[in-house]
Amino acid sequence: MADQTLSKRAVLTGSGAYLPAQILTNEDMAKRVDTSDEWIVERTGIRQRHFAAPHETAAYMGAEAGRQAMEKAGLAPESLGAIIVATSTPDQAFPATAVRIQALLGATKAFGFDLAAACSGFIYGLSVADAMLRAGQVKSVLVIGTEVFSRLLNFEDRTTCVLFGDGAGAVLLEARDVAQDGPGLLSTHLYADGSLGDILYVDCGTDENRKPGYLVMHGREVFRHAVNLLAGAVNDALAENNLTAADIDLLVPHQANKRIIDGVGKKLGLPPERVVVTVHKHANTSAASIPLALADAIQEGRAAPGRLLLLEALGGGLTWGSALLRL
Ligand code: ACO
């Protein structure tokens, strides 16, 4: 007989996405830097990216995505408990983007804070929200990934400026008492290795050597670490839940590079139809990439109630992590 014991879980009750209207194709990029559609597609799988207009800040886009997630869940803004925003491109150092979003949404009873873990930020945010919900601190948390990387790009550096785009994605998580095989976050696993901090960073901050604020990436070094570290995070998630890759309905990876996504999918033995890919149309939107990919898969009906999703990301820090989520 199935175990009917109920336990408190963070259940996804709504998702949302926002992409700026302005689209730049690889041909558009080739007019600005010495590159080609062929090089970008072959190395990364990227065909286009969205770039924000001046009014499309991290807070503005995050609020749009967050509002959608709450509307889908049918939760009124004044009932929201907390807002966690994963971003490396906040509107300001403070107030936190989350607090700006709280005001834009009219979520008057919610507290909020930003979380900086680069491309892994959304997984880190899920993990913190999960802990707060299961501890009973709040009943609902909006987890938002929102980024305007176009404003960090050095158009003198063709190795990075073609890789990134802007956008925001959000999920609403609510505490529910569910059965063992019911919906919700089953686990999150977080990792960091600060000794690799210099292979991917933004060169502004408050240190005495600060520069104007460009993203700097030693792409080949990051690539070299990515597949193995991600496979480790994914295997830890499966082992802890006594699952195998065959149990995964959908892999929702961070969208940095199609070759990294394929590498992880291959290590898991997952066929392409069980891997969500949006990098061709969004490029790398850092902390926004997983919630954008998730919203895309939900919209297409691929991520449907009951399905088991494996989320994974790696980014600056290095930071990386995985999450297992049943819809
Ligand atoms: N157009 C044309 N040629 C280019 C371009 C470009 N845009 N960029 C680089 N090249 C050239 C280089 O100059 C080099 O030429 P050379 O051989 O004559 O010197 C050649 O292409 C190969 O360059 P590499 O940097 O070795 O290219 P690689 O195959 O490693 O691909 C890439 C680069 C796409 C960046 C890859 O390394 C990658 O995806 N890395 C991982 C990125 C990632 O996952 N980041 C983590 C998340 S991001 C975050 O956290 C913010």
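Order of appearance sets the numbers: ligands from 1, and atoms from 1 within every ligand.
- Of all the atoms in ligand 1, the ones that sit under 4.0 Å from a non-hydrogen atom of R259 are 29 (O), 31 (O).
- Only the side chain of A256 comes within 4.0 Å of ligand 1, judged by heavy-atom distances.
- Under 4.0 Å from ligand 1, not a single heavy atom of I40 appears.
- Counting heavy atoms only, N257 comes closest to atom 39 (O) of ligand 1 of the residues N257, V162, I46.
- Annotation for R151: atom CZ counts as buried by contact number, over 12 foreign heavy atoms lying within 6.0 Å.
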Show the numbers, then the answer: is there a side-chain contact (heavy atoms from CB on, under 4.5 Å) between L324 and L185? CA-CA 6 Å; L324 262 173; L185 267 169; over 6 Å; no
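- Near N284, with a cut-off below 4.0 Å to any heavy atom, the atoms of ligand 1 are 47 (C), 48 (S).
- Residue-ligand proximity: G316 is placed with a non-hydrogen atom under 4.0 Å from ligand 1.
- Few gaps surround CD on E27; more than 12 heavy atoms of other groups in view lie less than 6.0 Å from it.
- Nearest non-hydrogen protein atom to atom 7 (N) of ligand 1 is R158 O, 2.9 Å.
- Numbered from 1 in the order shown, with element, the atoms of ligand 1 that lie under 4.0 Å from a heavy atom of M217 read 42 (C), 45 (N).
- When each atom of ligand 1 is checked for a heavy atom of C119 under 4.0 Å away, the hits are 47 (C), 48 (S), 49 (C), 50 (O), 51 (C).
- Remark: D262 does not engage R259 in a salt bridge, criterion side-chain N to carboxylate O under 4.0 Å.
- Across every non-hydrogen atom of L238 and T244, the tightest pair is CD2-O, 3.9 Å.
- The two residues S88 and L152 come nearest to each other via the heavy atoms O-CD1, 4.4 Å.
- Taking a 6.0 Å sphere around CD of E273, one finds it holds more than 12 heavy atoms contributed by other residues, nucleotides or ligands.
- Ligand-side atoms of ligand 1 in range of L163: 35 (C), range being under 4.0 angstrom from any heavy atom.
- A donor and an acceptor atom, one from each side chain of N235 and K267, are nowhere located under 3.5 Å apart.
- Among protein heavy atoms, atom 43 (C) of ligand 1 sits closest to V222 CG1, 3.6 Å.
- Shown in contact with I260 at under 4.0 Å from a heavy atom are these atoms of ligand 1, numbered in order with element: 41 (C), 44 (O).
- Within a 4.0 Å radius of atom 25 (O) of ligand 1, the protein has no heavy atom.
- None of T319, L314, D236, L318 except one satisfies the side-chain contact (heavy atoms from CB on, under 4.5 Å) rule with Y191; the exception is D236.
- Ranking the protein heavy atoms by distance from atom 40 (N) of ligand 1 puts G219 O, 3.0 Å first.
- T35 OG1, 3.3 Å is the protein heavy atom nearest to atom 6 (C) of ligand 1.
- For atom 13 (O) of ligand 1, a protein heavy-atom neighbour is present inside the 4.0 Å cut-off.
- Within 6.0 Å of atom NZ in K139, 12 or fewer heavy atoms from other residues, nucleotides or ligands are found, so the atom counts as exposed in its surroundings.
- Here is the list of ligand 1 atoms found below 4.0 Å of a heavy atom in T44: 34 (C).
- Residue contacts with ligand 1, taken as heavy atom pairs separated by less than 4.0 Å, do not involve V33 at all.
- The minimum heavy-atom distance between S322 and A233, with the atom names listed, is OG-O, 2.8 Å.
- In this structure, atom 16 (P) of ligand 1 has its sub-4.0 angstrom surroundings free of protein heavy atoms.
- Between D130 and R9 no salt bridge is recorded (no basic side-chain N to carboxylate O distance below 4.0 Å).
- Note that atom 1 (N) of ligand 1 has protein non-hydrogen atoms nearby, at separations under 4.0 angstrom.
- Applying the 6.0 Å contact sphere to CD of E156 captures no more than 12 heavy atoms from other residues, nucleotides or ligands.
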Yes or no on side-chain hydrogen bond (donor to acceptor under 3.5 Å, both in side chains) for N284 and R49, after CA distance, side-chain angles and deciding distance? CA-CA 8 Å; N284 183 348; R49 72 283 292 140; over 6 Å; no
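- In terms of protein heavy-atom proximity, atom 20 (C) of ligand 1 is closest to W39 NE1, 4.3 Å.
- The nearest protein atom to atom 29 (O) of ligand 1, hydrogens excluded, is given as R43 NH1, 2.5 Å; this is a heavy-atom distance.
- Within the listing of ligand 1, atoms 46 (C), 48 (S), 49 (C), 50 (O) sit less than 4.0 angstrom from a heavy atom of L200.
- For T160, no heavy-atom contact with ligand 1 is shorter than 4.0 Å.
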